[in-house]
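Structure record follows, encoded as structure tokens.
Along the sequence shown, residues are numbered consecutively beginning with 1.
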Amino acid sequence: MSGTLAKIAEIEAEMARTQKNKATAHHLGLLKARLAKLRRELITPKGGGGGGPGEGFDVAKTGDARIGFVGFPSVGKSTLLSNLAGVYSEVAAYEFTTLTTVPGVVRYKGAKIQLLDLPGIIEGAKDGKGRGRQVIAVARTCNLILIVLDVLKPLGHKKIIENELEGFGIRLNKHPPNIGFKKKDKGGINLTATCTQSELDLETVKSILAEYKIHNADVTLRSDATADDLIDVVEGNRVYIPCIYVLNKIDQISLEELDVIYKVPHCVPISAHHRWNFDDLLEKIWDYLRLVRIYTKPKGQLPDYTSPVVLPDSRTTVEDFCTKIHKNLIKEFKYALVWGSSVKHNPQKVGKDHVMEDEDVIQIVKK
């Protein structure tokens, strides 16, 4: 293990002392690729029996979405969690140490949202130290990450946490890079770019892929991509998660400072202790989770507006809805009646491919 860490430190040092310019771009690309490979080795240790999975950090995924809370000790993470869960939740206070996570479930706009405290992500978790590895595994399954920062010293912390998360292959508030990548059996490296590239040329792409022992592939760059983007695509194990920075302890700053903070993107100032601005935070969480609520209507009754079926906005067809309720429902599915903004008539008869929108009402008709 320590060998890998030493190698990583070595490469990072070399990258730090290499000037960034056209001539060194190629060399830096190579170093980045090596670094990515070493990082991956740390997160997924090589086989060999192993000591079984980590104890108690596999959290059952309950609810419609899951939010991970990350932050340094004593920025008020636990206060925020318990106050959020306390104000809006239906769970008892668990006995939980901050090693296993059984935090709370928040009911918001009818959706059940699971809140997880992710302890010890900070300080070298990506180097495979401590509980780091299981925490990462859980972090990667979150639909949204909240980074809790102390408003008095936000920037230093923010950098460290972002670096750690990036190191696990979690990309915050980013979209997957627009790069087509296809391995082949022969024909060498084929590079097509649909727009001018400031960083990648054929040489650099070849050397990065050679690091992965890929010598035949089609690469299509559809946007101005960096070496990191290419590495992300080749590694293929990156997760793209939206993220909100929560600036806590705003009771300790002036109003002018607060105005400045409000202009920072992806930021919500709150006071966990005084429960200030929680509604703003929840509203923003809801925005970032991008959930769609579908209400069900039993035949001959009024729609049930209390417990919607909640789907992610990328998968909102009638078929997705059926699968969410029960895996066999789609076999008995004949058609559905939908009321709401996704249809022209109310109700409208639709098939299983119809895409629904937020707060639609559906009635399923079985065969």
Fill in: Reported CG-to-NZ distance for the pair L247 and K249, which is rounded to 0.5 angstrom
12.0 Å
Worksheet item: Rounded to the nearest 0.5 Å, how far does CG of L146 lie from CD1 of I270?
Response: 9.0 Å
Worksheet item: Residues sharing V355's hydrophobic cluster, by side-chain heavy-atom contacts under 4.5 Å among ILVMFWY, directly or via others?
Response: none
Worksheet item: For V318, what are the other residues in its hydrophobic cluster, where any two members join if their side-chain heavy atoms are less than 4.5 angstrom apart?
Response: V292, I294, V309, L311, F321, I325, L329, I330, F333, V338, V343, V350, M356, I362, I364
Fill in: ring-ring contact (aromatic ring centres under 6.0 Å, His included) involving H274 - partner list, sequence neighbours excluded
W276
Worksheet item: Got a sec, which residues hit ring-ring contact (aromatic ring centres under 6.0 Å, His included) with Y305, two or more places apart in sequence or on another chain?
Response: Y295
Item to complete: List the atom of A225, the atom of L221, and the distance in Å for their closest heavy-atom pair.
Response: CB-CD2, 4.3 Å
Is there a donor in the side chain of [X] and an acceptor in the side chain of [Y], or the other way round, less than 3.5 Å apart?
{"X": "D313", "Y": "T316", "result": "no"}
{"X": "H354", "Y": "S342", "result": "yes"}
{"X": "S341", "Y": "E357", "result": "yes"}
{"X": "E162", "Y": "Y245", "result": "yes"}
{"X": "T226", "Y": "D228", "result": "no"}

Practice prompt. Among residues two or more places apart or on two chains, list those pairs meeting salt bridge (charged side-chain N to carboxylate O under 4.0 Å, His left out) that have a residue in residues 231-240.
Written response: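 Found R40-E235, R171-D232, D232-R238.
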Item to complete: Name all pairs fulfilling the salt bridge (charged side-chain N to carboxylate O under 4.0 Å, His left out) condition that reach into residues 315-325, sequence neighbours left out, sorted by first residue then second.
Response: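 Of all non-adjacent pairs touching residues 315-325, those that pass salt bridge (charged side-chain N to carboxylate O under 4.0 Å, His left out) are D64-K324.
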Practice prompt. Please identify each residue that fulfils salt bridge (Lys or Arg N to Asp or Glu O under 4.0 Å) with K366, with sequence neighbours left out.
Written response: E332
Item to complete: Can you sort out the partners of D218 under salt bridge (Lys or Arg N to Asp or Glu O under 4.0 Å), two or more places apart, ordered by chain and number?
Response: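 Listed in chain order: K184.
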For [X], side chain to side chain donor-acceptor pair (under 3.5 Å) partners two or more places apart:
{"X": "K174", "answer": "none"}
{"X": "T18", "answer": "none"}
{"X": "E203", "answer": "none"}

Count the heavy atoms of every other residue, nucleotide or ligand shown that sit under 6.0 Å from [atom1] of [X], and state whether that count exceeds 12.
{"X": "R290", "atom1": "CZ", "result": "no"}
{"X": "K297", "atom1": "NZ", "result": "yes"}
{"X": "K109", "atom1": "NZ", "result": "yes"}

Worksheet item: Tell me the ring pair (Phe, Tyr, Trp, His ring centres under 6.0 Å) pairs involving residues 202-236, sequence neighbours left out?
Response: none
